[in-house]
Every structure is written in C-alpha cells, then in structure tokens.
Amino acid sequence: MSKTHLGHTARKRFGQNFLHDPYVIDQIVSAINPKNGENLIEIGPGLGALTEPVCEQVDQLTVVELDRDLAERLRSHPFLQNKLTVIETDAMKFDFASLQEKGTLRIFGNLPYNISTPLMFHLFSFHDTVSDMHFMLQKEVVDRLAAGPGSKAYGRLSVMAQYFCKVMPVLQVPPGAFKPAPKVDSAVVRLIPKPADQLLAKDVSLLNAVCSAAFGQRRKTLRNSLANYIDEAGLQKLEINPTERAENLSLTQFISIANYVAEHGPIGEQA
Ligand SMILES: C[S@@+](CC[C@H](N)C(=O)[O-])C[C@H]1O[C@@H](n2cnc3c(N)ncnc32)[C@H](O)[C@@H]1O
C-alpha cells in the first residue's frame, strides 16, 4: 500500500493517515459548520484535506502542525497561505488558551491516533476557553468517550470526558477513506464543553485519581479498588454499595466520591 499522498510520504511516528474521500470530508466539514468570524483552530492539518474546504468557507484559520515539512507546505500554499496562521508545534504542549483573544475556540482535526487519549486530556484542561471540538479518532476511542455505566467501553476517559463535555458521536469512517489506510475503524465525535456551573467536582485531579484507581482494577469491588481513598462507611454515606464495581457507577457518583475524599482526605490522611 502506498504511503505517499500528494507527494508527501506519510510519517508513522506522527500518526499520519491522510483523508482523501470527498464524501467523508464533506460530511466532516458540514458537521463542523465553520463560519466567518469564528476562532477556528485545526490540529494536525497535514496536507490540507479539511483545511482547504474549511478555508473555502472562512477567511481565517489557525492550524497547529508538528511536522516541519507539512507546516512549510501550508505556509507556502498558493490559496491557503493568506488565510492561515500556522503554528508549528506539538499540540500536546501547546497552550490553547493563548488563542482566546479572538473569541472562544472552535477546535477540530483528524487527530494522530497514537496520542489521541493524552491529547484529549490536554484539551479538557482548556474547556473554559472552548465552545466546541470535532475530532476524527479511532472508533474505539469515540466509543470510550461516549460510553455509559454498564458497558465494557466505560472507563476513566468516559467519566472525565463526560465531566467536562457533552459527547456526541457524529459519523463512522472506514479505513479506506484514508491514505495510508489505518488498521482500525474511525469515527468523528463532537464535544461541547459544559458551563462552569455544571462542573461540580471540588478538585478535578482527585476525580481523575479516583477514576484511575477504580478503573485500574475494574474487576475489583469499590471497597477494594478505592481502599486508599474512602472506606465502606463513607461509601454507604453516599448511598453507594461497596460491593459495586467501577463500571456500574455514574458520573454523579464518581463526583460525590471525589468530593467526599476532598472533604475528608484520603484514607491514612484522615484525622
Ligand atoms: C491523521 S493525520 C491528519 C492529516 C489531515 N488533517 C487529514 O485529515 O488528512 C494527523 C496530523 O497531525 C499531525 N501531528 C502529529 N502529531 C502531532 C502533534 N503532536 N501536534 C500537532 N500535530 C501533530 C501529523 O503530522 C498529521 O498532519
């Protein structure tokens, strides 16, 4: 299978799978619905599969691209260069809040799959500066983002994503829509950050730590997996059965455990 598309050889280390199916590209751009005057930011523009049709609809677009050759291609692109602000850097380290002068951020991209989960967590930290995000991801990751209690895909990523955002799967995309074709199915997801008054955790890092502990040993009962954070009496006070497993707890229940730990301290640190 050819790794060269539009004269560029795909770099595996940068997770490069370039979209080439016009129908899929059209569907994604329609889902994003870009409008002039919006603060639009694309992560990983690559060879411009989404960048070009978006720029047909707007005058300004900021792109964040790590690959030096691709960033250079975009800077000297005959039709795009006047519309683009090219930021050549690692999106994982980029301070997206630095772009908020032009209004709340609308972020989109066909993301490099090798860093998609940590990149999601990085982006959640800018939730209060973002109005929405549209991402192409591995379908399995979209399933995890959207999963609810009782499902196999439900885990820390589901709880943390749904804590910060409303999660809406938009469309499924087969491997053949990309060059080179990835080995897995893909999907596009829309994430809309929730207003601050709906973010009820006293300490988000504790919520994350409680989820890590609970899902890190997901076959164990909460009594065991959360033994370092909350005792049985604490769980009972919250009306949570200590013999439940992480996969059966709702987001609200995870928040109540994290807030209980924030108030009482983890086990061992309690007075
Ligand atoms: C899956 S490709 C998508 C390219 C293009 N948007 C498309 O749909 O055809 C991922 C893109 O992200 C870029 N990339 C990889 N790691 C990155 C990072 N850490 N920060 C910013 N861009 C990155 C790659 O160079 C590549 O252009």
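Keep in mind it's a predicted model, so treat the numbers as computed, not measured. Remember, it's 1-based here, ligands and their atoms both numbered in the order they're listed.
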- Task: Could you tell me if the ring centre of F94 sits under 6.0 Å from that of F126?
- Result: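 Centroid separation for F94 and F126: 6.0 Å or greater.
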- Query: Between F215 and Y154, does the ring centre distance come in under 6.0 Å?
  - Reply: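 Yes; Y154 has its ring centre under 6.0 Å from that of F215.
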Taking [atom] as the reference point, the nearest protein heavy atom with its distance:
| atom | result |
| --- | --- |
| atom 5 (C) of ligand 1 | P45 O, 3.3 Å |
| atom 16 (N) of ligand 1 | P112 CG, 3.4 Å |
| atom 1 (C) of ligand 1 | G15 O, 3.2 Å |
| atom 8 (O) of ligand 1 | N110 ND2, 2.8 Å |
| atom 20 (N) of ligand 1 | A91 N, 2.9 Å |
| atom 15 (C) of ligand 1 | F14 O, 3.0 Å |
| atom 9 (O) of ligand 1 | L19 N, 2.8 Å |
| atom 22 (N) of ligand 1 | L66 N, 3.4 Å |

Straight-line distance of [X] [atom1] to [Y] [atom2], nearest 0.5 Å:
| X | Y | atom1 | atom2 | value |
| --- | --- | --- | --- | --- |
| L235 | I257 | CG | CD1 | 5.5 Å |
| L249 | L222 | CG | CG | 5.0 Å |
| L145 | R190 | CG | CZ | 14.5 Å |
| L66 | R68 | CG | CZ | 10.0 Å |
| L207 | F254 | CG | CZ | 8.5 Å |
| R219 | R245 | CZ | CZ | 5.0 Å |

Close-contact set for ligand 1 against [X] heavy atoms, below 4.0 Å:
| X | answer |
| --- | --- |
| G46 | 4 (C), 27 (O) |
| L70 | 25 (O), 27 (O) |
| E42 | 6 (N) |
| N17 | 1 (C), 2 (S), 3 (C) |
| D90 | 18 (C), 19 (N), 20 (N) |
| D67 | 25 (O) |

Can you check whether [X] has an N/O within less than 3.5 Å of an N/O in ligand 1?
| X | answer |
| --- | --- |
| I43 | no |
| E65 | yes |
| G44 | yes |

- Task: In sequence, state the C-alpha distance, the side-chain angles, and the governing distance for E52 and H77, and then conclude on side chain to side chain donor-acceptor pair (under 3.5 Å).
- Result: CA-CA 10 Å; E52 288 183 13; H77 191 292; 3.2 Å; yes
Quick one: does [X] get within less than 4.0 Å of ligand 1, heavy atoms only?
| X | result |
| --- | --- |
| L111 | yes |
| V64 | yes |
| M136 | no |
| T89 | yes |

- Message: How close do R218 and G155 get, counting heavy atoms only, and between which atoms?
- Response: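 Scanning both residues completely, I find the closest heavy atoms to be NH1-CA, 4.2 Å.
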- Message: Can you confirm whether the side chains of D185 and Q172 place a donor and an acceptor under 3.5 Å from each other?
- Response: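 No, no side-chain donor-acceptor contact under 3.5 Å.
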- Message: Please tell me whether T51 and E42 have a donor and an acceptor in their side chains that are separated by less than 3.5 angstrom.
- Response: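 Per modelled atom types, T51 and E42 side chains form a pair under 3.5 Å.
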- Basic-acidic side-chain contact under 4.0 Å: E38, K102: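 The answer is no: the pair does not qualify as a salt bridge.
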